[in-house]
Q: 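Once you've had a glance at the structure underneath, I'll fire off some questions.
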Amino acid sequence: MLAIVAFVFLFQVVTCSSNNANISSADEPLPVVLWHGMGDTCCNRGSLGAIVDLIEQQVPSIYVRSLRIGDNEEKDFSNGYFMNVNDQISFACQLIRSDDKLKNGFNLIGFSQGGQFTRALVQRCSLPVRNLITLGAQHQGVFGLPRCEAVTNNLLHNSVCDFVRKLLSLGAYNSFVQKRLVQAEYWHDPLKEQKYKEKSVFLADINNEKSPRNETYRQNLVNLNKFVMIMFEDDSMVIPRESSLFGYYETGNIKKIVPLEDSLLYTDDRLGLKELNESGKLIKLTIPGDHLQFTDDWFTSNIIEAYLK
Ligand SMILES: *[C@@H]1O[C@H](CO)[C@@H](O)[C@H](O)[C@H]1NC(C)=O
Ligand SMILES: *[C@@H]1O[C@H](CO)[C@@H](O)[C@H](O)[C@H]1NC(C)=O
Ligand SMILES: *[C@@H]1O[C@H](CO)[C@@H](O)[C@H](O)[C@H]1NC(C)=O
């Protein structure tokens, strides 16, 4: 296990550039905070780094902060697999609270697992978030971890994928695994719903499945200006892909998907999603393509123009 973790640290070093924007004033655009997905880092030039550049090009003088979970990019990468998500949320909360440029409000965007992490950040940290946007998130968790290799796209990283898969089949709800493996913390087995509710240290908590429910979680989501969720129609990574819009397998039946609107989580409104929807603040978008496959043009008109300006 240590040998595999050590592989992760061989991950190519890329310096994390943070463009220090000017102090924000009233007429400057609202800053934006990004949280990357699994197998990615804050500043990878081929993925989130490019999104940072795109936003900066489209919105002059905007302050963009791409969260780096850990002291350097290698840690940021491996923490996406091995740092307890609850600790990651606290870490991210501190990063944001200690950034003066974010204290007067910001928009928040989460990519893939960063989607449910940003939502947890809103629920737990009571930050001044205006719009929350999640792309290809796993809001109801996953039951399957295919194509890990395709995301990480690197031979060394493939050993991480194998390792993660082995741990998950070993027992996602085992407390050792729950505390240490990120993907187990949003593993949602529809055939073991009760066990999931009891043992899931992250997802069952932020989805208010534990008792007593946390009213702060609900209140913080209801306070958003907009909560925008994006699902990729041909997503082969998120199993089931409807999880990006809070849909999920019916309990005990992996042949049937229950959309958000028909779920108990919506009708009892434990997360305030019904209230958000009824006031026109819950936006569900579906776009063609596989996981996180979108063009700069799509991102510019549907995200930047629509929600960041
Ligand atoms: C911010 O920008 C203005 C004008 O663009 C400049 O005068 C000011 O010194 C800048 N402030 C900081 C802290 O960089
Ligand atoms: C609800 O969540 C908030 C924010 O994480 C926390 O401070 C509070 O203790 C929680 N309340 C309960 C009853 O668990
Ligand atoms: C959610 O909001 C949309 C648009 O206002 C509405 O058409 C839809 O019926 C709502 N869904 C539910 C289940 O209330």
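All values reported here derive from a predicted model rather than from experimental measurement. Order of appearance sets the numbers: ligands from 1, and atoms from 1 within every ligand.
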Q: List, one per line, each side-chain donor-acceptor pair under 3.5 Å for residues 191-199, sequence neighbours excluded.
A:
from	atom 1	to	atom 2	distance (Å)
Glu193	OE1	His188	NE2	3.1
Glu193	OE2	His188	NE2	3.2

Q: Less than 6.0 angstrom from the centroid, inside 45 degrees of the normal: does Arg180 satisfy that with respect to the ring of Phe176?
A: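 Satisfied, under 6.0 Å and within 45°.
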Q: For Glu215, is there an ion pair with Arg270 - N to carboxylate O distance below 4.0 angstrom?
A: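 No salt bridge links Arg270 with Glu215.
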Q: Donor-acceptor pairs under 3.5 angstrom involving side-chain atoms of residues 223-233: please list them, not counting sequence neighbours.
A:
from	atom 1	to	atom 2	distance (Å)
Asn223	OD1	Gln219	NE2	3.4
Asn223	ND2	Gln219	O	3.4
Asn225	ND2	Asn131	OD1	2.8

Q: Can you name the residues that form a ring-ring contact (aromatic ring centres under 6.0 Å, His included) with Tyr249, not counting sequence neighbours?
A: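 Tyr249 satisfies ring-ring contact (aromatic ring centres under 6.0 Å, His included) with no other residue.
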Q: Ser244 and His139: side chain to side chain contact (heavy atoms under 4.5 Å, CB included), yes or no, with the steps?
A: CA-CA 6 Å; Ser244 295; His139 288 301; 5.7 Å; no
Q: Are there any N/O pairs under 3.5 Å between ligand 2 and the protein, and if so, what are their distances?
A:
from	atom 1	to	atom 2	distance (Å)
ligand 2	2 (O)	Asn214	OD1	3.4
ligand 2	2 (O)	Asn214	ND2	2.2
ligand 2	11 (N)	Asn214	ND2	2.9

